[in-house]
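We count residues from 1, following the sequence as given. The figures that follow rest on heavy atoms only: side chains count, while hydrogens, waters and symmetry mates do not.
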Amino acid sequence: MTNSLKAMLCVAVSLLVISINNAMASERSDKIIAAGEIRVCIWPDYFAISYRNPRTHQLEGIDIDMAHELASSMGVKLAFVESSFSRLVSNLQNNACDIAMHGIGVRDSRKPFMEFSKPYLASGIYAVGTKDNTAVTRWHDIDREGVIAVVQKGTYMEPVIKRTFQHASVSVVDSFKAREQEVLSGRADVFMTDYPYGKRMTALTQWAVLFAPQAPLAKTFYAYAVPKGEMDWLKEVDDFLVTMKKTNKLYQSAEKNGLSEIVVKD
């Protein structure tokens, strides 16, 4: 084969690869690249996940890191859209963002409204108590007569805790802040939460201590969410997560943010 034929063959192969890559690109990513910007929904109160530090006013957490990596991999600017779990469905349906990246629990009730990426974190239920409570110093102490455990109304934790604790009293409150107030005031012994929020309490307060069950309780996988039916875009997001694991960037961010214990390594 002559050098000119080899050169022509290389060009043809390169064009074929480009053509295949273009064909595989989703309509969503095409729009993102055309706009030069990816819009990422976050919940800025999620410690170690997508948290606005009140001292620096800067966003930090594993999903903030991953959002920057995703934008960089696509060669576009990054725009954060402040959201919440209550606005998650509407923001995805109304095209307020291209992807939600704030530790979204994979739950059957959400599946009709969005597509979930492969999980990257997994957390069961933990308890937060106070260091000066000598009656409750470990998880095993909670389910006893006279102990009061607080859980937030409407969360998946509410029915699980009511079913799990046979002896402790379960108090239901309307907000996640009310859980802390009940424990800090002495009206309750512990409140139930997930690992990232439990880490927040131990990191930002002098009084909180985190209790873990011996075996994971109601383990929930966390993933990213994209609009319902956008399977090509979902595949690109999954491929991105695979790359983040292979390059060790996901694990490095998890370690930096104190989440190594709950990162999904498979």
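Summarising the geometry, atom OH belonging to Tyr46 is positioned 14.0 Å from atom CE belonging to Met101; distances are rounded to the nearest 0.5 Å. To the nearest 0.5 angstrom, Asn257 atom CG is 6.5 Å from Ile62 atom CD1.
Of the possible donor and acceptor atoms, one in the side chain of Ser117 sits under 3.5 Å from a partner among the backbone N and O of Tyr224.
Residue Lys131 qualifies as enclosed at atom NZ: its count of foreign heavy atoms under 6.0 Å is above 12. The 12-atom threshold is not exceeded at CD of Glu255, counting heavy atoms of other residues, nucleotides or ligands nearer than 6.0 Å.
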May I have the step-by-step check of side-chain hydrogen bond (donor to acceptor under 3.5 Å, both in side chains) for Asn94 and Ser90, ending in yes or no?
CA-CA 6 Å; Asn94 297 334; Ser90 61; 4.7 Å; no
For Asp194 and Tyr156, what are the C-alpha separation, side-chain angles and deciding distance, and is it a side-chain hydrogen bond (donor to acceptor under 3.5 Å, both in side chains)?
CA-CA 11 Å; Asp194 66 355; Tyr156 79 96; over 6 Å; no
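Inspection of the Asp63 and Tyr120 side chains reveals an N or O donor paired with an N or O acceptor under 3.5 Å. Side-chain contact of Asp65 with Ser253: a donor-acceptor pair under 3.5 Å is present, judged by distance alone.
For Phe211 and His140, the gap between ring centers reaches or exceeds 6.0 Å.
Checked options Lys235, Glu230, Met231; the residue passing with Trp233 is Glu230 (criterion: side chain to side chain contact (heavy atoms under 4.5 Å, CB included)).
Summarising the geometry of Met201 relative to Val128, their closest heavy-atom pair is CB-CG1, 4.2 Å, with the distance given to 0.1 Å.
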